[in-house]
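Take a look at the structure below.
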Amino acid sequence: MEPWIAIPNRSHSQDKYSRKQSTGIPLSSWFQPSARPEVPTWTRWSAPIVWDGTFKTSVLNSYYKQQEITIGLTVFAIGRYLDKYLMDFLVSADVFFMVGHRVIFYIMVDDVAKVPEITLGPQRTLKLFQIKQESRWQDVSMMRMKTIGDLVEECIRYEVDFVFCMDVDQVFQRDYGVEALDESVAQLHAWFYNMQKMSFTYERNPASAAYISYEEGDYYYHGAVFGGTPLQILNLTRQCYQGILRDKEQDMEAIWHDESHLNKYFLLNKPAKLLSPEYCWDYKIGSSSQIHNIKLSWMPKEYKKVRDNS
Ligand code: 5GW
Ligand code: MN
């Protein structure tokens, strides 16, 4: 896949894929779970759950600054999602996403002519890719797994140390910083973080590749945000896409599409870090004493307006 426009502000000659990744900072030096005693801050498998207030920003920033890391952010804006959401997403990401570090935005659109002109901060680079519009909206969402995998293989792995993959229908509200980085990162879904696993909306049909039984499951993860090192994201997107293809061969589609496959993947491959719902909040839920500083929030859904293709 060739970028339609690339405005790099640095050279990307070094293969960071094969280099040791910069996750070497000890948890004890920056993670303060006792700052949030009222919420769970560890998983069963000893992964930190990062809540607002549990991290020492200055320690982390100086560590990653010294490592001179680059963070990628992939986002898709196809059809009406381009007109409706891309501008606000990008403008807010420029201000709040990984401030003080190098960032490359990888933006996939179906019509490059419609991409708004925005001036980004000095440490930010934007790479635009034209991809084709899928005829079914379910496929727009699911094909992201294939496209991200291809992109990681072709260029992202040479250019960044960490990458996040996000939905475009959301807006950054406050600093979304390096405390969110790790080998593999999953987002707790705002609507399910306080629920029992029986009520998670996993795929419950045993014939699907995304199947999770009622006895299984750790958390319900949100498909709108996941991240990790390029190698981890390559593995994740390939596995999820394989699951999607297996289901298609049997004329099946998991209940929540790519999100169902992501949940299956993270059940089998435990994420190294979880982000609290403050990292992807839906204001429609209302206020909650557990939700302090919201870093990213859902945009209101107007399905009728944006889902024009059946
Ligand atoms: C359109 C109709 C239904 C479902 C998805 C789309 C759609 C998604 C689209 O037409 N264009 C598009 O760019 N997308 C990308 O897929 C956006 O990045 C979007 O944020 C992501 C997931 O789709 P969402 O946000 O509608 O899914 P939910 O799970 O947030 O409702
Ligand atoms: Mn969304």
Side-chain angles (χ1 to χ4, degrees), residues 1 4 72-93 97 105-116 126-149 151 163-173 176 186-193 200-203 210 220-227 233 236-237 240-241 244 253-264 266 275 277 279-285 294-310:
M1 197 183 332
W4 194 84
L73 177 57
T74 71
V75 72
F76 291 70
I78 307 295
R80 300 211 185 144
Y81 278 58
L82 204 174
D83 315 294
K84 190 161 192 319
Y85 299 119
L86 184 61
M87 179 76 149
D88 291 341
F89 178 86
L90 274 181
V91 167
S92 65
F97 184 72
F105 299 112
Y106 299 91
I107 303 178
M108 273 58 72
V109 297
D110 59 331
D111 185 356
V112 291
K114 285 202 297 180
V115 175
L126 190 143
K127 293 191 172 189
L128 201 51
F129 298 84
Q130 176 139 350
I131 62 168
K132 75 171 174 55
Q133 164 81 287
E134 300 291 331
S135 50
R136 292 174 66 249
W137 64 258
Q138 293 89 341
D139 291 333
V140 173
S141 190
M142 294 193 300
M143 282 303 284
R144 289 185 296 173
M145 291 297 184
K146 162 137 181 50
T147 308
I148 293 169
L151 205 64
V163 59
F164 272 87
C165 307
M166 294 192 187
D167 273 13
V168 74
D169 57 340
Q170 30 193 13
V171 176
F172 290 88
Q173 306 283 353
Y176 187 115
Q187 173 65 55
L188 289 176
H189 195 297
W191 285 88
F192 296 95
Y193 75 103
F200 293 164
T201 54
Y202 293 145
E203 173 55 55
Y220 192 76
Y221 302 116
H222 196 177
V225 175
F226 56 89
I233 294 302
L236 178 158
T237 52
C240 288
Y241 187 58
I244 290 167
E253 193 160 279
I255 176 164
W256 288 107
H257 322 291
D258 43 303
E259 184 172 85
S260 306
H261 292 276
L262 182 74
N263 272 278
K264 180 64 176 272
F266 278 140
L275 299 177
Y279 285 81
C280 193
W281 186 246
D282 184 359
Y283 283 110
K284 274 215 310 231
I285 297 171
I294 292 161
K295 287 120 187 18
L296 177 71
S297 70
W298 303 18
M299 287 286 273
K301 292 271 170 204
E302 293 175 60
Y303 285 135
K304 279 208 188 71
K305 277 197 195 149
V306 287
R307 296 188 171 177
D308 51 347
N309 44 345
S310 65

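In each ligand, atom 1 is the first atom listed, and ligand 1 is the first ligand listed.
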Can you list the ligand 1 atoms lying under 4.0 Å from a non-hydrogen atom of [X]?
| X | result |
| --- | --- |
| Val140 | 7 (C), 8 (C), 9 (C), 11 (N), 12 (C), 14 (N) |
| Ile78 | 9 (C), 10 (O), 11 (N), 12 (C), 13 (O) |
| Ala77 | 13 (O) |
| Val168 | 17 (C), 18 (O), 20 (O) |

Consider every N or O of [X] and every N or O of ligand 1, then say whether any pair is closer than 3.5 Å.
| X | result |
| --- | --- |
| Asp167 | yes |
| Asp169 | yes |
| Phe76 | yes |

side-chain contact (heavy atoms from CB on, under 4.5 Å) evaluation trace for Leu126 with Val115: CA-CA 11 Å; Leu126 190 143; Val115 175; 5.6 Å; no

Lys301, portion touching ligand 1 at heavy-atom distance under 4.0 Å: side chain

Contacts of His261 that satisfy ring pair (Phe, Tyr, Trp, His ring centres under 6.0 Å) - sequence neighbours left out: none

Ligand 1 contact by His257, heavy-atom criterion under 4.0 angstrom: no

Whether Arg144 lies under 4.0 Å from ligand 1, heavy atom: yes

Test log, rule side-chain contact (heavy atoms from CB on, under 4.5 Å), inputs Gln138 and Ser141: CA-CA 5 Å; Gln138 293 89 341; Ser141 190; over 6 Å; no

Set of residues satisfying side chain to side chain contact (heavy atoms under 4.5 Å, CB included) with respect to Asp110, sequence neighbours excluded: Ile78, Leu82, Gln133

Any residue meeting side chain to side chain contact (heavy atoms under 4.5 Å, CB included) with Ala190, in chain and number order, not counting sequence neighbours: Pro277, Trp281, Ile285

Does the plane of the ring in [X] sit parallel, tilted or perpendicular to the ring in [Y]? Use 30° and 60° as the thresholds.
| X | Y | answer |
| --- | --- | --- |
| Tyr176 | Phe97 | tilted |
| His189 | Trp298 | perpendicular |
| Phe200 | Tyr220 | tilted |

Pair Tyr81 and Tyr85, ring centroids less than 6.0 Å apart: yes

Verdict with supporting geometry, Trp256 and Asn263, side-chain contact (heavy atoms from CB on, under 4.5 Å): CA-CA 10 Å; Trp256 288 107; Asn263 272 278; over 6 Å; no

Neighbouring protein N, O or S atoms of the Mn ion (ligand 2) [cut-off: under 2.8 Å, no waters]: Asp167 OD2, Asp169 OD1, Asp169 OD2

Pair Lys301 + Asp282: basic N to acidic O under 4.0 Å: no

